Protein chains: 2
Amino acid sequence: MTKRRGGAGRPSIAGIAAAAGVSPTTVSHALSGRRAVSKETRERVLAEIERQNYRPNLVARGLRRRQTQSVALLVADLANPYYPVVARAIHDVLAAEGYVSFLGNTDGDAGSERTLLEEMAARSVDGIIMQPMGMSVTDVREAVGPAMPLVAITNGAGDASVDQVCTDDAHGIAEAVAYLAEKGLDELGFVGGPRNAPPGPSRLAAFRSAAEEAGLTVPPQWIEHTSFTRDGGATAAARLFARAGRPRAVLCANDLIAIGVLDAARRAGLRVPEDVAVVGFDDIETADLVTPRLTTVLNPAAAVGEACARTMLRRLERGPRPPYERVVLPTRLTVRQSA
Amino acid sequence: MTKRRGGAGRPSIAGIAAAAGVSPTTVSHALSGRRAVSKETRERVLAEIERQNYRPNLVARGLRRRQTQSVALLVADLANPYYPVVARAIHDVLAAEGYVSFLGNTDGDAGSERTLLEEMAARSVDGIIMQPMGMSVTDVREAVGPAMPLVAITNGAGDASVDQVCTDDAHGIAEAVAYLAEKGLDELGFVGGPRNAPPGPSRLAAFRSAAEEAGLTVPPQWIEHTSFTRDGGATAAARLFARAGRPRAVLCANDLIAIGVLDAARRAGLRVPEDVAVVGFDDIETADLVTPRLTTVLNPAAAVGEACARTMLRRLERGPRPPYERVVLPTRLTVRQSA
DNA sequence: TTGAAAGCGCTAACAG
DNA sequence: CTGTTAGCGCTTTCAA
């Protein structure tokens with residue numbers, strides 16, 4: 001049924017206007033509703049649009065209107081099961097409001113982050129949602145300029161000129177430490193993420209202060225750093241378990257690491273939780289499927305995504321002026337079997 | 001450091017041209033290299049670009065060049081762990097070639113698929129990669145017109161005017177059936193996906209013919225249909241296990257379903273694999289983490305993504321003329337504990 | 001090696 | 001209620 005014009009591509013507004021005997025302006029307004037159009041005219045126009053199967057060229061519209069109805073979503077690693085859930089929630093909320101999403105994978109690397117940020121800015125996206133890993137929130141703001149709507153997924157403090165959605169990681173971690181302490185497991189280790197990439201340091205800091213709060217001392221050799229992966233966790237835990245004297249419980253900066261720790265424990269012949277208790281962070285779907293079922297801190301991924309999208313929509317409506325929002329989402333301990 | 005122009009937004013090519021004392025044309029060519037520019041002129045232009053921190057407006061460029069260096073990726077459900085892996089691979093390959101990805105979530109629904117397809121076409125993406133679920137491959141081609149580069153992720157036959165990347169599901173399923181038959185497990189059940197959505201029917205068909213090949217008869221009541229989710233699998237398997245007489249082994253149309261079947265078996269007090277063997281499909285990361293570890297057919301997600309991206313790149317280079325490609329990727333049985 | 005002019009397809013300002 | 005004109009920021013003829 002599709003009608004094609006002479007040699008060129010899709011039908012354009014000019015073709016519709018000519019065929020309907022009106023000006024392009026009128027076609028535009030019949031479509032957008034931004035100006036009154038008489039019923040008969042509108043019907044004639046819409047009929048012609050239907051006949052030619054016309055769809056407005058959104059690139060041209062974007063150039064003219066100076067807004068593209070698009071949002072960039074920059075994540076560290078889409079293959080990490082936490083992000084797809086966030087991404088899906090963001091996508092769904094945004095799509096319902098007529099926005100389309102660009103997806104960018106940064107690998108948590110500052111260089112890639114900067115490149116993608118510039119790329120997206122050059123594409124005139126209406127906003128950017130990202131979890132800065134290599135860059136600081138302030139860096140990000142500087143990179144995209146003061147006018148770009150920006151929602152950062154963070155964890156903890158920071159008050160740059162950016163809207164933030166953050167999870168109260170410290171609360172869940174404190175809950176976990178208190179839970180372990182109460183069980184008499186007062187020799188705690190921690191397998192954290194990379195030394196400098198969020199949310200590694202902040203979760204470690206939360207762990208330290210929770211341990212202190214609980215009156216526990218944590219020897220430095222029981223704190224390991226690794227990547228946010230299963231293999232990373234396994235390797236780090238292998239080091240931990242190889243030492244003379246090992247912790248009775250290990251908290252991990254995310255579930256993938258924790259699953260790796262379970263691997264290492266199995267290989268080292270340690271029973272979980274009898275010989276060593278393991279607590280994860282995130283509560284990805286897999287956490288409930290491993291053996292033993294993973295006790296972990298629930299990080300509400302879908303809620304984070306939804307909050308990001310809604311915060312972005314509000315910002316898009318309000319324009320770039322302060323004040324900036326800060327949405328804090330709770331985390332809480334989910335007790336299963338591993339601790 | 002960022003320089004901003006008078007009242008408006010980002011610096012434009014005109015501003016650079018004026019400041020460098022050349023025409024916009026020359027700036028454009030200094031940037032694109034599509035025409036020779038004298039060394040001195042180029043350096044002057046580039047210096048000015050640097051000074052003003054100019055980045056070309058890609059929306060304007062896209063309108064003019066009639067290509068946007070963007071590709072749409074339409075998946076059924078990003079939260080299904082299979083897709084993030086595909087998406088990441090696609091993203092990485094495409095990004096390396098200077099393409100950016102739009103992400104769309106269709107929920108496997110024909111309406112959403114059509115809407116997103118039109119949206120992406122209206123945005124003049126250079127190509128679309130999708131796994132059609134509600135729509136047929138032919139429908140998709142019709143919806144976007146003959147000129148749109150299109151790579152479909154499919155499973156099995158079909159030769160519409162579309163490039164296809166498909167996995168040889170039948171092979172892996174045949175392997176699984178043969179493996180079970182050899183073990184003497186000749187009473188087979190199947191928990192398939194939705195009746196009409198790919199890859200449900202094709203995997204069921206593959207199962208049927210493999211069973212026939214192996215000389216096994218499969219009673220109709222041992223074939224269940226459900227959604228591609230853990231809950232769906234659990235519900236379907238509960239029905240299966242509630243019947244008088246149940247299969248000795250159950251093949252599933254994907255791993256999520258299989259994990260649901262494990263749930264149901266546990267609830268029904270059935271041991272896996274002793275009372276009932278379970279085989280999944282996809283080999284998502286979780287398959288190796290559940291208890292018992294899931295025997296499943298490996299569906300090479302990252303390879304699928306990479307093949308999609310490379311096929312798209314070739315198509316982008318060659319233009320819309322036939323012939324169309326068909327890349328077939330192997331699947332194979334991965335034996336663990338559940339069967 | 002460079003520039004002027006035209007125009008991608010749309011919408012907004014202005015005018016009636 | 002409708003049309004004319006101008007131009008978003010870029011690239012591409014065409015001409016020098």
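A note on names: the letters A, B, ... follow the listed sequences, proteins ahead of strands, and every chain is numbered from 1. Here the structure is a predicted model, which is why all the values come from computation and not from measurement.
- The CD1 atom of B:Ile16 sits 13 Å away from the P atom of D:dT11 (whole-angstrom rounding).
- Ionic pairing of B:Asp107 and A:Arg88 is present here: one or more N-O contacts between side-chain nitrogen and carboxylate oxygen are shorter than 4.0 angstrom.
- A donor-acceptor contact under 3.5 Å links the side chain of B:Arg35 to the base of C:dG3.
- Residues of residues 20-32 of chain B that place a heavy atom closer than 4.0 Å to DNA chain D, in numerical order, are B:Thr25, B:Ser28, B:His29.
- DNA chain C is contacted by both B:Lys39 and B:Leu63; B:Lys39 maps to the nucleotide lying nearer its 5′ end (nearest heavy atom per residue).
- By the salt bridge (charged side-chain N to carboxylate O under 4.0 Å, His left out) test, B:Glu97 is found to be paired with no residue, residues two or more places apart in sequence or in another chain being considered.
- Between the side chains of A:Arg10 and B:Ser124, at least one donor-acceptor pair of N or O atoms lies under 3.5 Å.
- Using a 4.0 Å cut-off, some side-chain N or O of B:Ser38 falls inside it from OP1 or OP2 of C:dT2.
- In this structure, CD of A:Gln67 is placed 16 Å from P of C:dC10, rounded to the nearest angstrom.
- For the pair A:Arg64 CZ and C:dG7 P, the interatomic distance rounds to 18 Å; values are reported in whole Å.
- B:Arg34 has its CZ atom 18 Å from the P atom of C:dT2, to the nearest Å.
- A salt bridge does not link A:Arg44 to A:Glu40: none of the charged side-chain nitrogens sits closer than 4.0 Å to a carboxylate oxygen.
- A donor-acceptor contact closer than 3.5 angstrom is absent between the side chains of A:Glu48 and A:Tyr54.
- Considering only the side chain of A:Thr41, D:dT2 comes nearest among C:dT2, D:dT2, D:dC10.
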Subject >> side-chain contact (heavy atoms from CB on, under 4.5 Å) evaluation trace for B:Leu329 with B:Val327 >> reply: CA-CA 7 Å; B:Leu329 264 19; B:Val327 179; 3.8 Å; yes
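- Classification of A:Glu306 and A:Arg310 as a salt-bridged pair holds, one side-chain N sitting under 4.0 Å from a carboxylate O.
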**OP:** Take B:Glu43 and B:Lys39 through the test salt bridge (Lys or Arg N to Asp or Glu O under 4.0 Å) and record every step on the way to the result.
**Re:** CA-CA 6 Å; B:Glu43 278 169 3; B:Lys39 190 153 178 292; 3.3 Å; yes
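- One atom, CD1 of B:Ile13, and another, P of C:dG3, lie 12 Å apart when rounded to the nearest Å.
- Checked by atom type and distance alone, the side chain of A:Thr41 never pairs as donor or acceptor with a backbone atom of A:Val37 at under 3.5 Å.
- Checked against D:dT11, D:dT2, C:dC10, the side chain of B:Arg65 finds its nearest nucleotide in D:dT11.
- Inter-axis angle, ends of the helix from C:dT1-D:dA16 to C:dG16-D:dC1, five pairs per end, rounded to 10 degrees: 40°.
- A salt bridge links B:Arg123 to B:Glu119: one of the charged nitrogens lies within less than 4.0 Å of a carboxylate oxygen.
- One interatomic measurement links the two molecules: CG of A:Leu58 to C1' of C:dT11, which rounds to 13 Å at whole-angstrom precision.
- Legend: residues meeting salt bridge (charged side-chain N to carboxylate O under 4.0 Å, His left out) with B:Glu325, ordered by chain and number and at least two apart, are B:Arg314, B:Arg318.
- To the nearest angstrom, P of C:dG9 lies 17 Å from CZ of A:Arg55.
- B:Arg66 has no side-chain polar atom (N or O) that falls below the 4.0 Å cut-off from OP1 or OP2 of C:dC8.
- Non-hydrogen atoms lying under 4.0 Å from DNA chain C are contributed by nothing in residues 117-127 of chain B.
- When the side-chain nitrogen and oxygen atoms of A:Arg61 are compared with OP1 and OP2 of C:dG9, none of them lie within a distance under 4.0 Å.
- Considering only residues two or more places apart in sequence or on other chains, B:Phe102 meets the ring pair (Phe, Tyr, Trp, His ring centres under 6.0 Å) condition with A:Phe102.
- Taking atom CD of residue A:Gln69 and atom P of nucleotide C:dC10, one finds them 16 Å apart after rounding to whole Å.
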